[in-house]
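These notes are about the structure you will find just below.
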Amino acid sequence: MANAEWIEKSKALFMTTYGRYPAVMVEGRGCLLKDADGREYLDCLAGIAVCSLGHCHPAITEAICRQASTLVHVSNLYHTMPQTELAELLINHSFADRVFLANSGAEANEAAIKLARKASPEGKYEIISLAGSFHGRTLATVAATGQSKFHQGFEPLPQGFLHAPFDDIVALEAMITPETCAILCEPLQGEGGVRPLSPEYLVAIRQLCDKHDLLLIFDEIQVGMGRTGTLFAYEQCGVIPDILTLAKALGNGLPIGAMLATESVAKAFEPGSHASTFGGNPVACAAAVTVLRLMLAEGFLGEVRNKGFYLAERLTGLAAKYPAIASPARGLGLIQGLPLAEAWVDQGPAMVNRLFEKGVLLNFAGGKVLRCLPPLIISRVEIDQLIQALDEIFAELSQ
Ligand SMILES: *Cc1c(COP(=O)(O)O)cnc(C)c1O
C-alpha cells in the first residue's frame with residue numbers, strides 16, 4: 001500500500017519529466033534495493049552507473065557522516081582538505097595535471113566546452129561530437145549531444161556544435177574547419193546503446209587532433225571510475241585525451257563532477273574564468289576520496305574485469321540460446337549491453353517491465369539494447385540471478 005499512496009501523491013507534484021517505475025525506494029545495501037512495500041530488487045543499474053560500490057557502502061557512509069558533522073560547505077572562496085585530497089588522487093592516477101570540480105556530468109562537460117574554447121586561438125570555437133552520443137541536458141551539452149530527440153523544442157541551441165557519423169574517421173576529418181577547436185566523444189557510448197568505439201578509431205581521432213591542432217575531450221562520465229575494468233576507459237585504448245570529464249560514480253551517489261586537463265590546456269582558465277558555488281563540496285569530496293581509495297585497492301579493478309568477462313559470457317550464452325531475440329553482448333568490463341534483434345526492439349521496454357516485476361532492475365538504451373550497469377561489487381551469484389530472470393523472460397516471450 002505504501003508504494004501506491006506515495007506514487008499517487010507525487011503525481012500532482014512534479015513536472016512530468018520522468019517516466020518512473022511504480023516503486024518508492026526506501027533502502028539500499030550492496031546490490032539490493034527495498035521499496036516501501038518491502039519488495040526487494042536486484043539492482044543491475046546502480047542508479048545509472050552511479051552506486052558502483054553498492055548502496056550505502058559502510059566506508060563511504062562513514063566518510064560522509066564524519067564530514068557532514070565537521071564541515072558541510074564554505075564555497076570556493078576558501079580551501080578545504082577533502083577537495084585537495086580528491087584533486088591529488090585524480091591527478092596522481094590520470095594523465096591530467098589540473099582539476100575543476102563541479103556537481104554533475106553536464107556541469108563537468110560545460111566546463112570542458114568552455115575550457116576548450118578558451119584554450120583555443122581566437123575564432124576557433126566549433127566542437128565536433130558523434131552521432132548517438134549523450135553529453136547532458138543543459139543547453140550547451142544538449143547541443144553537443146548527437147541525438148536530435150534531445151534537441152526538439154529547445155532551439156535555438158548554442159552555436160558551434162557538429163555531429164559526425166559514428167566510427168567514420170574520413171567523415172569526421174571532412175567536417176574539420178578552420179573554426180574547429182575540439183573533438184568530444186565517449187570512448188564507449190552509454191545512453192547511445194552501449195556502443196564501444198574501436199581502439200583504431202580512437203587512435204585515429206587522436207592523430208586527427210594532433211594533425212589539425214584540436215583538443216581531444218573524452219566524456220567518461222558513465223564509463224570512467226572503474227566501470228570498464230580500469231580506473232579510466234582511455235587507459236584501455238592507450239589514447240590520452242587533453243580533457244577528461246567524470247561524474248556519476250565519482251561520489252557513489254553524492255552529486256559531484258570533475259573536469260581534468262593537462263597543464264598546457266588548463267592554464268587558459270584564469271581566476272574568474274569559471275566557477276561553481278557548490279562545486280567541490282566537502283561532503284561530496286569526502287565520499288569521492290573514499291570511492292577512489294576503494295577502487296584503487298589491490299585487486300579491485302582486476303575483479304571488475306573478470307566479472308565483466310563473466311557477465312558478457314553469460315549474456316552471450318543467452319543470445320546463443322535465443323538467437324531470434326538477442327545478439328552477442330557488447331561492452332567493456334561491467335557496462336554490457338545485450339542488443340535485441342530488429343523484430344524484438346519494440347518489446348525492449350516490456351522486457352524491462354517484466355524484469356522489474358521479477359525484482360531485477362535493468363534498462364533499455366539506444367532503442368535497441370538491454371543495458372547492464374550493475375554495481376562493480378556485484379557477485380557472480382547475483383549475475384547468475386540476472387541471467388536466470390532474463391532467461392525466463394525470453395522463454396515466456398518465445399512461446
Ligand atoms: C549521464 C551522462 C552525462 C550527464 O550527466 P548528468 O550528471 O546527468 O548531468 C553526460 N555524459 C554522459 C556520457 C553521461 O552518461
Side-chain angles (χ1 to χ4, degrees), residues 15 17-20 45-52 100-116 127-147 149-151 154 157-158 161 163 166 182-197 202 205 216-228 232-234 241 243-260 276 278-281 284 287-288 291 331-337 363-367 369 371-374 376:
M15 302 215 184
T17 53
Y18 302 112
R20 303 194 215 229
L45 263 185
I48 319 184
V50 168
C51 300
S52 282
F100 177 85
L101 294 171
N103 308 289
S104 67
E107 278 182 54
N109 279 341
E110 282 275 345
I113 291 164
K114 287 177 75 175
L115 179 62
I127 295 177
I128 306 177
S129 58
L130 300 186
S133 62
F134 181 81
H135 298 296
R137 303 291 206 133
T138 60
L139 280 172
T141 59
V142 102
T145 292
Q147 300 184 62
K149 67 174 179 189
F150 294 114
H151 299 168
F154 301 116
L157 294 175
F161 294 93
H163 306 109
F166 186 81
I183 295 174
L184 163 64
C185 70
E186 302 156 85
L188 183 163
Q189 291 187 348
E191 300 307 307
V194 192
R195 293 203 295 174
L197 292 166
L202 291 167
I205 291 187
L216 177 57
I217 310 170
F218 277 172
D219 174 346
E220 292 206 18
I221 288 163
Q222 186 157 152
V223 298
M225 299 306 296
R227 176 59 53 186
T228 64
F232 304 114
Y234 74 80
I243 300 176
L244 179 78
T245 52
L246 302 171
K248 292 201 164 87
L250 181 56
N252 207 57
L254 286 206
I256 182 165
M259 189 266 290
L260 284 63
S276 167
F278 293 122
N281 168 277
V291 167
L332 213 50
L334 284 172
I335 173 164
Q336 292 290 337
N363 85 341
F364 191 54
V369 176
R371 177 175 56 168
C372 310
L373 289 166
L376 304 181

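As the structure lists them, so they are numbered: ligands from 1, and atoms in each ligand from 1. Every heavy atom of this structure was used, including side-chain atoms; hydrogens, water molecules and symmetry mates were not. As the structure is a computational prediction, the values presented were derived from the model and not from experiment.
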* Asked: For atom CD1 of I48, is the number of surrounding heavy atoms from other residues, nucleotides or ligands below 6.0 Å larger than 12?
  -> no
* Structure fact -> So the atoms of ligand 1 within less than 4.0 Å of a heavy atom of E186 turn out to be 13 (C)
* Under 4.0 Å from atom 8 (O) of ligand 1, is there any protein heavy atom? -> no
* Structure fact -> Going by the 4.0 angstrom heavy-atom rule, the piece of N109 near ligand 1 is side chain
* Using a 4.0 Å heavy-atom cut-off, say whether H135 meets ligand 1 through its side chain, its backbone, both or neither. => backbone
* **G105 N/O to ligand 1 N/O under 3.5 Å** => yes
* Structure fact -> Of all heavy-atom pairs linking T141 and G136, the shortest is OG1-C, 3.1 Å
* Could you walk me through whether E191 and R371 pass the salt bridge (charged side-chain N to carboxylate O under 4.0 Å, His left out) check? -> CA-CA 9 Å; E191 300 307 307; R371 177 175 56 168; 2.8 Å; yes
* What do the steps show when you test V194 against I335 for side chain to side chain contact (heavy atoms under 4.5 Å, CB included), and what is the final call? -> CA-CA 7 Å; V194 192; I335 173 164; 3.9 Å; yes
* Asked: Does the side chain of F134 reach to within under 4.5 Å of the side chain of Q189, using non-hydrogen atoms?
  -> no
* Option whose closest heavy atom lies nearest to atom 14 (C) of ligand 1, chosen from K248, E220, E191 -> K248
* Contact atoms of ligand 1, heavy-atom distance to D219 under 4.0 Å -> 10 (C), 11 (N), 12 (C), 13 (C)
* To do: Using distance alone, decide if ligand 1 has a nitrogen or oxygen within less than 3.5 Å of any nitrogen or oxygen in A247.
  => no
* Could you list which atoms of ligand 1 come closer than 4.0 Å to a heavy atom of Q222? => 15 (O)
* **Close side-chain approach of L246 to M225, heavy-atom, < 4.5 Å** => yes
* Asked: F166 and P196: which non-hydrogen atoms are nearest, and at how many Å?
  -> CZ-O, 3.8 Å
* With a 4.0 Å heavy-atom cut-off (strictly under), which part of A106 contacts ligand 1: side chain, backbone, both or neither? -> both
